[in-house]
2 protein chains.
Amino acid sequence: MTYGNAFIALADPTRRSVFERLRGGPRAVGDIAEGLPVSRPAVSQHLKVLKEARLVTAYRDGTRQFYAIDTHGLNALRAYLDSFWGGALGAFKTYAERGAPKARARRKGSRR
Amino acid sequence: MTYGNAFIALADPTRRSVFERLRGGPRAVGDIAEGLPVSRPAVSQHLKVLKEARLVTAYRDGTRQFYAIDTHGLNALRAYLDSFWGGALGAFKTYAERGAPKARARRKGSRR
DNA sequence: CATTTCCGTAAGTCATGGCTTACTAATAGC
DNA sequence: GCTATTAGTAAGCCATGACTTACGGAAATG
């Protein structure tokens with residue numbers, strides 16, 4: 001159920017911004033916070049949530065804490081999402097091909 | 001920013017349960033609600049959120065509303081997650097190989 | 001038309017969580 | 001040892017949202 005925490009972590013826009021700032025590589029907390037519309041402690045709290053969701057890892061360099069993207073969380077999310085492509089899509093496609101996007105004729109064979 | 005709503009939608013455990021019940025194919029609202037620990041109106045509200053996030057679609061059959069998985073939201077999420085494998089991992093690997101205690105060298109060649 | 005199903009909406013309650021401003025802790029340099 | 005940087009923690013405030021019950025509306029059935 002690790003993907004549960006990952007979804008929660010990425011649901012918040014500010015926290016996603018924090019996460020996205022790590023795309024270019026590891027960065028220190030103060031560096032991440034700079035330019036964001038929230039305080040540094042807020043960023044620390046967000047990083048904690050991201051870390052517990054295994055979306056980031058941390059290491060220390062002197063007085064600075066560097067955070068980097070952790071693939072564990074990303075992999076968990078991908079695996080979860082992929083689980084919907086197997087059985088679901090077979091059944092979904094059946095419906096989709098039958099007349100999907102807007103409000104095409106209903107049909108739905110099993111009329112009773 | 002459609003993935004934003006998708007993350008929010010899947011962040012709630014109950015809503016994820018609702019979503020997962022669609023794995024086997026389209027189901028009616030009452031059918032989905034049955035067995036869940038919340039009321040049927042609650043399920044309706046969750047389905048509304050999922051629909052706005054383009055994670056489900058709906059169609060009507062008589063008095064019943066059927067909901068099915070929509071790939072739009074899933075694709076948006078996938079694309080977002082994949083965007084972290086490009087630049088981020090290159091830089092991340094630099095760190096990981098530098099001395100991450102447990103992390104074996106990733107290799108990961110062609111995943112994208 | 002009246003009734004029955006099935007579902008969405010309204011309104012209100014209550015817990016969660018994101019933010020702020022302190023304050024505390026750990027490392028580096030003088 | 002003292003001071004400066006850098007970050008995490010504590011406490012409290014307030015908006016958001018997940019849930020409930022009650023109600024309203026559309027389609028089938030008699």
Side-chain angles (χ1 to χ4, degrees), chain A residues 1 4-22 25-68 70 103-112, chain B residues 1 4-22 26-53 55-68 70 95 99:
Chain A
M1 217 180 301
N5 290 331
F7 277 124
I8 292 174
L10 293 180
D12 182 71
T14 306
R15 202 151 45 219
R16 264 203 315 276
S17 295
V18 168
F19 187 58
E20 289 164 7
R21 288 208 159 202
L22 267 36
R27 295 178 74 172
V29 178
D31 185 24
I32 298 169
E34 194 169 1
L36 286 180
V38 297
S39 69
R40 188 196 47 73
V43 171
S44 269
Q45 291 164 9
H46 285 309
L47 285 167
K48 183 180 181 181
V49 174
L50 289 168
K51 189 176 182 181
E52 287 169 356
R54 307 200 66 175
L55 284 165
V56 302
T57 53
Y59 65 94
R60 182 162 207 130
D61 182 28
T63 65
R64 289 181 299 179
Q65 278 280 133
F66 281 87
Y67 283 84
D70 185 357
R104 303 280 306 130
R106 267 333 34 137
R107 234 77 219 318
K108 220 19 183 153
S110 67
R111 198 91 165 63
R112 49 180 346 219
Chain B
M1 214 181 299
N5 291 331
F7 277 125
I8 292 175
L10 294 179
D12 182 72
T14 306
R15 202 151 45 217
R16 264 203 314 278
S17 295
V18 169
F19 187 58
E20 289 162 9
R21 289 207 159 203
L22 267 36
R27 297 178 71 172
V29 178
D31 184 24
I32 298 169
E34 194 169 1
L36 286 181
V38 296
S39 68
R40 188 198 45 74
V43 171
S44 269
Q45 292 164 8
H46 284 309
L47 286 168
K48 182 179 182 181
V49 174
L50 289 168
K51 190 175 182 182
E52 288 169 355
L55 285 165
V56 302
T57 54
Y59 64 93
R60 179 164 209 133
D61 181 30
T63 65
R64 288 181 300 180
Q65 278 280 133
F66 281 86
Y67 282 84
D70 185 358
Y95 151 67

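Just so we're clear, the structure is a prediction, and the values are computed from it rather than from any experiment. Residue numbering restarts at 1 for every chain, and letters A, B, ... go by the order of the sequence lines.
Contacts between residues 8-15 of chain B and DNA chain D, defined by a heavy-atom separation below 4.0 Å, involve Asp12(B), Thr14(B), Arg15(B), listed by number.
Interface limits on DNA chain C: the 5'-most and 3'-most nucleotides within less than 4.0 Å of chain A heavy atoms are dG18(C) to dA28(C).
Residues satisfying the side-chain hydrogen bond (donor to acceptor under 3.5 Å, both in side chains) test with Glu20(A), not counting sequence neighbours, are Tyr80(B).
For the pair Ala28(B) and Ala42(A), both in contact range of DNA chain C, the more 5′-proximal nearest nucleotide belongs to Ala28(B). Nearest-nucleotide positions on DNA chain C place His46(A) closer to the 5' end than the other of His46(A) and Arg60(A).
In this structure, Arg40(B) atom CZ and dC23(D) atom P are separated by 15 Å, rounded to whole Å. Counting to the nearest Å, the P atom of dG17(D) and the CD atom of Glu52(B) are 11 Å from each other. In this entry the distance linking CG of Asp61(B) with P of dA27(D) reads 12 Å, nearest Å. In this structure, Leu50(B) atom CG and dA18(D) atom P are separated by 11 Å, rounded to whole Å. dA7(D) atom C1' lies 16 Å from atom CZ of Arg27(A), rounded to whole Å. Remark: C1' of dA22(D) and CD of Gln45(B) are 13 Å apart, rounded to the nearest angstrom. Distance Gln65(B) CD to dA27(D) P: 10 Å, rounded to the nearest Å. Rounded to an integer number of Å, the gap from Leu36(B) CG to dT20(D) P is 11 Å.
To the nearest 0.5 Å, atoms CG (Leu10(A)) and CD1 (Ile8(B)) are separated by 11.0 Å. The CZ atom of Phe7(A) sits 10.5 Å away from atom CG of Leu55(A), with the distance rounded to the nearest 0.5 Å.
Between Ala11(A) and Arg16(A) the shortest heavy-atom distance is O-NH1, 3.5 Å. The minimum heavy-atom distance linking Tyr67(B) with Ala58(B) is given by the pair CE2-CB, 3.5 Å.
A donor-acceptor pair is defined here as one N or O able to donate and one able to accept, closer than 3.5 Å; no such pair exists between the side chain of Arg27(B) and the backbone of Leu22(B). In this structure, the side chain of Arg64(B) does not engage the main chain of Gly30(B) through any donor-acceptor pair within 3.5 Å.
Within the 4.0 angstrom heavy-atom criterion, only backbone atoms of the sugar-phosphate kind lie near Tyr67(A); the bases stay farther away.
Listed nucleotides dT21(D), dA7(D), dA27(D) differ in distance to Val29(A); the shortest reach to its side chain belongs to dA7(D).
In this structure, the side chains of Arg15(B) and Leu50(B) come closer than 4.5 Å at one or more pairs of heavy atoms.
Put simply, the residue from Arg21(B), Gln65(B), Arg40(B) that forms a side-chain contact (heavy atoms from CB on, under 4.5 Å) with Ile32(B) is Arg21(B).
Between dT20(D) and Ser39(B), a contact under 4.0 Å exists linking OP1 or OP2 to a side-chain N or O.
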